[in-house]
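A quick write-up on the structure given underneath.
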Amino acid sequence: MSPRRSPMQMQTHHVDMHAPLERIDEVTWELPSCYRRDMRVPVRIFADEALIESALHDRCLEQLVNVATLHGVVRHVLAMPDVHEGYGFPVGGVAATALPDGVISPGGIGFDVNCGVRLLVSTLRATDVAHALPAVMHEISRSIPTGYGHGGRTALDDAEMDRVLAGGAQYLVRERHAGIADDLDHIESGGMLPGAEPALVSERARTRGRDQLGTLGGGNHFLEVQRVAHVHDEALATRLGIAEGQVTVLIHTGSRGLGHQVCTDFVRRMDERSDALGIVLPDRQLACAPLSSPEGRDYLAAMAAAANFAFANRQTITHAVRAIFARMLHTLGDPTLRLVYDVAHNVAKIERYPEGELCVHRKGATRALGPSSDDLAPALRGIGQPVLIPGSMGTASLVMVGRDASAGLSFSSACHGAGRVMSRGAARRAIQGHVLRHQLEARGIVVKCPSSPELAEEAPLAYKDVDRVVDVVERAGIATKVARLEPIGVLKG
DNA sequence: ATGTCC
């Protein structure tokens, strides 16, 4: 393989596809910072030939170029192989800005603050629980509210909301006994982002989130009961306690309406203050403020609080599923669900790199610390941080672990999923929900989804091939594949 | 993603 090739030639119908992308290696493409006068750094995309083409079909390259103009941005702006257009900043995008005066942009984190994925593993065998699964999925669907706009039966009072916003999963485990101490060693940031200030979460955000703790939400959020279908790396899988045939549970959800409102509040506040802050942007959706400004500091503290709500949400759902497993599956073996890891894929964090203290924006991108990282919990030293990649609903999910090279390659970041290639509307037109439901059931999957149209929106054909996405991440040297998980039960909104 | 446009 030659390390450098001539600039990519592409015939095309879209202006962005004329972009002078240079191929750096098999899976890395670069748009130099001279492409547009206002760029401060280059843009890099991790992709193979097929994925680079789908990445160039929407506005995401233009959005990446816009991000490369942000004040304080360093090294390069990155796109993961599952990149697609988002609000201001692409989903699958990563950008790092230097403290103290670089900016933070809520659009670079996303509306669903700390949308993320949690993996639980049991020692139960999938073949042993198959007959009990319909009843288990029924109980799970009864105890976990799903769907857009749907809350739960209980509402947090102001004091309890403050404690959740400040303490996240740490609060629930230590004060409410909704989990065990070991859980906290297997959640990114220990289940609590520091610096959260509940007082900066608006009344409207609190109102929206008040009855949403322990709820799944809609869109691409789901809960799957799975089996470990294949182990890619026996040694790493063993160290994570994963073996072929085991039952796992994957939870994909975030901060619901609360995080959405936090993002809305700060996009507006930063947009209104842009003149005073002296910020000129190519796209108002990239509203931002220096990390050293009151707006920047307040957003970081409110974002941390919303992130803690999301950690607490996944912890609450975990607690409910554990109770159901314990009640319904104890006669088949040990029903314990051990937390393998919980990752955020919509969050910004202050991290140390050779350039100094940086605010790493990850939007639809997963942190992927390598085995030597000082930021890793002791239990994961020498292994690497688990990187959990949910595929599209009903297909497969991947467990990877980060490699040390990720720090230099991608600010320790990897992809977050398959990535949408078809709009929700197009997916609804392309497939009928009840047809998809029958297809899933024909494969022996227990499906719990009240709305067929919503099921259709999440059809696998609306997404990129998760295996191809993950292969790019592995070939780039960012993370290593450990295991492949396939659903046996699906719950979604 | 989202009380799908206060």
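Numbers restart at 1 for each chain; the letters A, B, ... are given by sequence-line order, proteins then strands. Note that the coordinates shown come from a computational prediction; the quantities given were computed from them, not determined experimentally.
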Residues [X] and [Y]: side-chain donor-acceptor under 3.5 angstrom:
X: A:S255; Y: A:N114; answer: no
X: A:Q315; Y: A:R118; answer: yes
X: A:T146; Y: A:K448; answer: no

Expressed in angstrom and rounded to an integer, what is the separation of [X] atom [atom1] from [N] atom [atom2]?
X: A:H150; N: B:dT2; atom1: NE2; atom2: P; result: 11 Å
X: A:R424; N: B:dT4; atom1: CZ; atom2: P; result: 14 Å
X: A:N313; N: B:dT2; atom1: CG; atom2: P; result: 10 Å
X: A:R210; N: B:dT2; atom1: CZ; atom2: P; result: 18 Å
X: A:E203; N: B:dC6; atom1: CD; atom2: P; result: 18 Å
X: A:Y87; N: B:dT4; atom1: OH; atom2: P; result: 16 Å
X: A:D211; N: B:dT2; atom1: CG; atom2: P; result: 13 Å
X: A:F309; N: B:dT2; atom1: CZ; atom2: P; result: 11 Å

With a non-hydrogen cut-off below 4.0 angstrom, is [X] in contact with a base, only sugar-phosphate, or nothing?
X: A:G218; answer: sugar-phosphate
X: A:G219; answer: sugar-phosphate
X: A:G110; answer: nothing
X: A:E85; answer: nothing
X: A:Q212; answer: sugar-phosphate

Evaluate the ring planes of A:H416 and A:H345, with Trp represented by its six-membered ring, and classify them as parallel (under 30°), tilted (30 to 60°) or perpendicular (over 60°). perpendicular

Sorted by chain and number, sequence neighbours left out, side chain to side chain donor-acceptor pair (under 3.5 Å) with A:Q212 holds for none

Tell me which of A:H221 and A:R268 sits closer to the 5' end of DNA chain B, going by the nucleotide each one is nearest to. A:H221

